[in-house]
*Asks:* 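Here's a structure for you.
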Amino acid sequence: MPLPIEIFLYNTLTRAQVPLRPAEDSRLRMYTCGLTVYDYGHIGNYRTFVAVDILQRFLESEGYQLESVLNLTDIDDKMIERAQRAGRSVREHAEIFARAFAADMEFLGLRRPNHLVRATDFIPDMIAWIERLVASGHAYASQGSVYFRVASFPAYGKLSGKPLAELQSGARVDSDQYEKEEARDFVLWKAHKPGEPAWDSPWGPGRPGWHIECSVMSMKLLGESFDLHAGGADLIFPHHENEIAQSEAVTGRTFVRNWFHVEFLLVNGEKMSKSLGNYYTLRDLAAQGFHASGIRYLLASVPHRRQLNFTLEGLRQAESAVERLRAFRDRLRRAALGPGANPDLEAAIASAELRFRGSLAENLNTAGALAAIFDLLRSANQALDREALFVPEREAIERLLSRFDSIFGVVETDDRARLESYGDGSPSAGSTLADEAVERLLAERGAARRDRNFALADRLRAQLEAAGIVVEDTREGQVRWRRK
RNA sequence: GGCGCGGUAGCCAAGUGGUAAGGCAGAGGUCUGCAAAACCUUUAUUCGUGAGUUCGAUUCUCACCCGCGCCUCCA
């Protein structure tokens, strides 16, 4: 088994890359800000979730035991607005998109967290927490709502680096904020408005503010101080800043030790937006015939602290890269190996593994990790060409490849099955031809080739290719085929 | 304006104070009836611009230019 390796992650709070030191040795508690289920998630959301997934799989492969929480926001302004527009209750609306999210997770191969929680299941806990904030002077009620008193928490701004002075009151006053002491104060509990869902509270009927849910759910499930909190970079301010304030004001303890933020995803160099026509959901991409593995590879291949410019061209490139990995896996698997050993190759395998893990340990450098794998792939291919790869090396490479894939999750993925089981995604043309039909056409083509009727043989191959079947002739005479 | 991320070959992208990983695409070759796959060779005298430190900078410092994000809806 591999030796332990020290893992470094960039921590937004300290603005530095620091060694990961869980409070409890090998046990790591982690919370991720999930989706507001008012609509389908888009690829920007999934960029974050894939990065978190890779991180978690890597940590597990390095021996950490994870306790993970992912939340879904199922009550907020947007939920109410969208539900009303769709003529549904907020609850029904949330249910529909929570289910869609689960399907998306499945499609992309995102591991299920230990706790997948919804805000509305924790209302009493939120109310209790807000009461503590009020009792300690950090919050105040006003006209049926409750606000956090930012002035009472001097450390406010430590995560986002925003000086308190710049967040002074009066900077902005909009009609909705007249009931606050200061404009920078944020809402913990919103007074009920007609037509909106409401829960009873000591301040009258209402609903929780957005920020409080993450504080309350994370601390309830992971404790008042835990190891890692992840989310998109745009959540740093105000969401995570507010979470810190709400939590630490009561506990007096460090809420979260490491903040892991995933940079933005752009589409064609611009912010994704529906009006620009560059807004993609996983369903959109699946309908265009793109595969889960390609999407996952692309999202995973750019290290998380870099903005990722998503393009369809980039997605095609990613699919090609995945194909090459699979082609190598197949070649390795079926190669007929002679007896012997190749110490040079064995050394290359060992160093590839070290480089792979080392890259990931260095703030999750996925690009570097992939380079290690592809370098090894070339060495192994060369060895296969020279018939200098033997059973021990094959086993070692397969072990590394399997370790790689347990983290990246792109090679041993049945893209066809994923697409088919993915509700709305329309299956690609390739799935229309049954295996028997493929075999029949291949037999015909084989006969044509034996007759040296190459025109017919090529026509049949073209026909198969149109159906997404790639045909490969081998030196030994048999024909291999696979689905694209 | 404040805070942050980034500018490396056609595209994506790693990286280091000592002279540029990897992927995709392209070109030539080996193999093939032709292909595919695989392999070999090839594609940045150069890392946004200028100056400085240094024996030496893409890597450090300063200034500037450009792209993007956040600044209380936002992954």
*Asks:* Ignoring hydrogens and angles, does a donor from either the side chain of A/Q317 or the base of B/rG23 sit under 3.5 Å from an acceptor on the other?
*Replies:*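 It does, because a donor-acceptor pair links the side chain of A/Q317 to the base of B/rG23 below 3.5 Å.
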
*Asks:* Strictly by Watson-Crick or wobble contacts shorter than 3.5 Å, is anything paired with B/rA44, and which nucleotide is it?
*Replies:* none

*Asks:* Between B/rG7, B/rC5, B/rG33, which one does the side chain of A/E263 approach most closely?
*Replies:* B/rC5

*Asks:* Determine whether the aromatic ring centres of residues A/F260 and A/H229 are separated by less than 6.0 angstrom.
*Replies:*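 That pair fails the under 6.0 Å test.
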
*Asks:* With sugar-phosphate meaning primed atoms plus P, OP1 and OP2, does A/V470 contact a base, only sugar-phosphate, or nothing at under 4.0 Å between heavy atoms?
*Replies:* sugar-phosphate

*Asks:* Atom CG of A/L35 and atom P of B/rC73: how far apart are they, to the nearest Å?
*Replies:* 18 Å

*Asks:* In whole Å, what separates the C1' atom of B/rA9 from that of B/rC60?
*Replies:*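 Looking at atom C1' only, B/rA9 and B/rC60 are 25 Å apart.
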
*Asks:* Ring centroid separation for A/H261 and A/Y10, is it under 6.0 angstrom?
*Replies:*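 No, the ring centres sit 6.0 Å or more apart.
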
*Asks:* Can you measure A/R378 atom CZ to B/rG22 atom C1' for me and round it to whole angstrom units?
*Replies:* 8 Å

*Asks:* Can you check whether any acceptor in the base of B/rG33 is under 3.5 Å from a donor in the side chain of A/R449, or vice versa?
*Replies:* yes

*Asks:* Picking from B/rG69, B/rC12, B/rG23, which would you name as closest to the side chain of A/N309?
*Replies:* B/rC12

*Asks:* NA contact type, A/G269, heavy-atom cut-off 4.0 Å: base, sugar-phosphate, or nothing?
*Replies:* sugar-phosphate

*Asks:* Kindly point out which of B/rG33, B/rC5, B/rA75 is positioned nearest to the side chain of A/T36?
*Replies:* B/rA75

*Asks:* For B/rC39, take OP1 and OP2 only and decide whether either is under 4.0 Å from a side-chain N or O of A/N381.
*Replies:* yes

*Asks:* Looking at B/rC39, does its base get a donor-acceptor pair with the side chain of A/R386 below 3.5 Å?
*Replies:*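 Under the 3.5 Å cut-off, the side chain and the base do not form any donor-acceptor pair.
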
*Asks:* What orientation do A/W259 and A/F255 show, parallel under 30°, tilted 30 to 60°, or perpendicular over 60°?
*Replies:* tilted

*Asks:* Counting any heavy atom closer than 4.0 Å, what does A/R445 reach on the DNA or RNA strands: base, sugar-phosphate only, or nothing?
*Replies:* base

*Asks:* Taking pairing as Watson-Crick or G-U wobble with both contacts under 3.5 Å, can you name the mate of B/rC73, or confirm there isn't one?
*Replies:*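 The base-pairing partner of B/rC73, which may sit in any strand shown, does not exist here.
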
*Asks:* Counting Watson-Crick and G-U wobble pairs only, both distances under 3.5 Å, name the nucleotide matched with B/rG67, or none.
*Replies:* B/rC5

*Asks:* Among B/rA13, B/rC24, B/rA75, find the nucleotide with the atom closest to the side chain of A/A367.
*Replies:* B/rA13

*Asks:* May A/F264 be described as stacking on the base of B/rG69, applying a 5.5 Å centroid limit and a 30° limit on plane angle?
*Replies:* no

*Asks:* Taking the P atom in each of B/rC3 and B/rC62, what is the distance between them to the nearest angstrom?
*Replies:*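 Between the two P atoms, the distance is 14 Å.
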
*Asks:* Please state whether the rings of A/F186 and A/F148 are parallel, tilted or perpendicular, taking 30° and 60° as the class boundaries.
*Replies:* parallel

*Asks:* When you get a sec, tell me which of B/rC39, B/rA14, B/rC71 is the closest nucleotide to the side chain of A/L377?
*Replies:* B/rC39

*Asks:* Before giving the answer on ring-ring contact (aromatic ring centres under 6.0 Å, His included), spell out for A/F49 and A/Y46 the whole-Å C-alpha distance, their side-chain angles and the decisive distance to 0.1 Å.
*Replies:* CA-CA 5 Å; A/F49 300 142; A/Y46 289 111; 5.8 Å; yes

*Asks:* For the C1' atoms, the ones on B/rG7 and on B/rA13, what distance do you get once it is rounded to whole angstrom?
*Replies:*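 Taking atom C1' in both B/rG7 and B/rA13, they lie 13 Å apart.
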
*Asks:* Need to verify one output field. Residue with the more 5' nearest nucleotide on RNA chain B, A/R305 or A/E270?
*Replies:* A/R305

*Asks:* May I ask you to verify whether the side chain of A/R461 and the base of B/rA35 hold a donor-acceptor pair under 3.5 Å?
*Replies:* yes

*Asks:* Return the value, rounded to whole Å, for the distance between atom CG of A/L308 and atom P of B/rA14.
*Replies:*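 Rounded to whole Å, this separation is 10 Å.
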
*Asks:* Any strand counts, and the cut-off is 3.5 Å on both contacts for Watson-Crick or G-U wobble. Which nucleotide pairs with B/rC55?
*Replies:* B/rG18

*Asks:* Nearest to the side chain of A/L266, which nucleotide is it out of B/rA21, B/rC68, B/rU72?
*Replies:* B/rC68

*Asks:* With a 4.0 Å limit, can you tell me whether A/R482 has a side-chain N or O closer than that to the phosphate oxygens OP1/OP2 of B/rA37?
*Replies:* no

*Asks:* Pairing check on B/rC39: which nucleotide meets the Watson-Crick or G-U wobble criteria with it, both distances under 3.5 Å?
*Replies:* B/rG29

*Asks:* Please tell me if A/K162 has a side-chain N or O lying less than 4.0 Å from either OP1 or OP2 of B/rU72.
*Replies:*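 No, A/K162 has no side-chain N/O under 4.0 Å of OP1/OP2 on B/rU72.
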
*Asks:* A/G314 near the nucleic acid: base, sugar-phosphate alone, or nothing, with a heavy-atom cut-off under 4.0 Å?
*Replies:*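 Counting heavy atoms under 4.0 Å across all strands, no contact is made by A/G314.
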
*Asks:* For B/rC62, what is the paired nucleotide under Watson-Crick or G-U wobble rules, both distances under 3.5 Å?
*Replies:* B/rG50

*Asks:* Is the distance from OP1 or OP2 of B/rC24 to the nearest side-chain N or O of A/R316 less than 4.0 Å?
*Replies:*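 Negative; the distance criterion is not met.
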
*Asks:* Heavy-atom nearest nucleotide on RNA chain B for A/G161 versus A/D234: which residue maps closer to 5'?
*Replies:* A/G161

*Asks:* Would you call the rings of A/F97 and A/Y40 parallel, tilted or perpendicular if under 30° counts as parallel and over 60° as perpendicular?
*Replies:*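 Perpendicular.
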
*Asks:* Base, sugar-phosphate alone, or nothing: which one does A/R324 contact when heavy atoms must sit under 4.0 Å apart?
*Replies:* sugar-phosphate

*Asks:* In terms of ring plane angle, is the pair A/H239 and A/H211 parallel, tilted or perpendicular, where the classes change at 30° and 60°?
*Replies:* tilted

*Asks:* Looking only at side-chain atoms of A/L235, point me to the closest of B/rA75, B/rG4, B/rC34.
*Replies:* B/rA75

*Asks:* Of the candidate nucleotides B/rA13, B/rU72, B/rA37, which contains the atom at the shortest distance from the side chain of A/R306?
*Replies:*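 From the listed options, B/rA13 comes nearest.
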
*Asks:* Which nucleotide in the set B/rC70, B/rA38, B/rU72 lies at the smallest distance from any side-chain heavy atom of A/R331?
*Replies:*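 Of all the options, the side chain of A/R331 is nearest to B/rA38.
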
*Asks:* Looking across every strand, which nucleic acid part, if any, lies under 4.0 Å from A/N365 by heavy atom: base, sugar-phosphate, or nothing?
*Replies:* sugar-phosphate

*Asks:* Remember a base hit wins even if backbone is also touched, and classify A/H261 as base, sugar-phosphate or nothing at under 4.0 Å, heavy atoms.
*Replies:* nothing

*Asks:* Which nucleotide, B/rG4, B/rC34, B/rA13, lies nearest any side-chain atom of A/Q307?
*Replies:*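 Of the candidates, B/rG4 comes closest.
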
*Asks:* For the residue pair A/Y280 and A/F310, does the interplanar ring angle fall in the parallel (under 30°), tilted (30 to 60°) or perpendicular (over 60°) class?
*Replies:* tilted

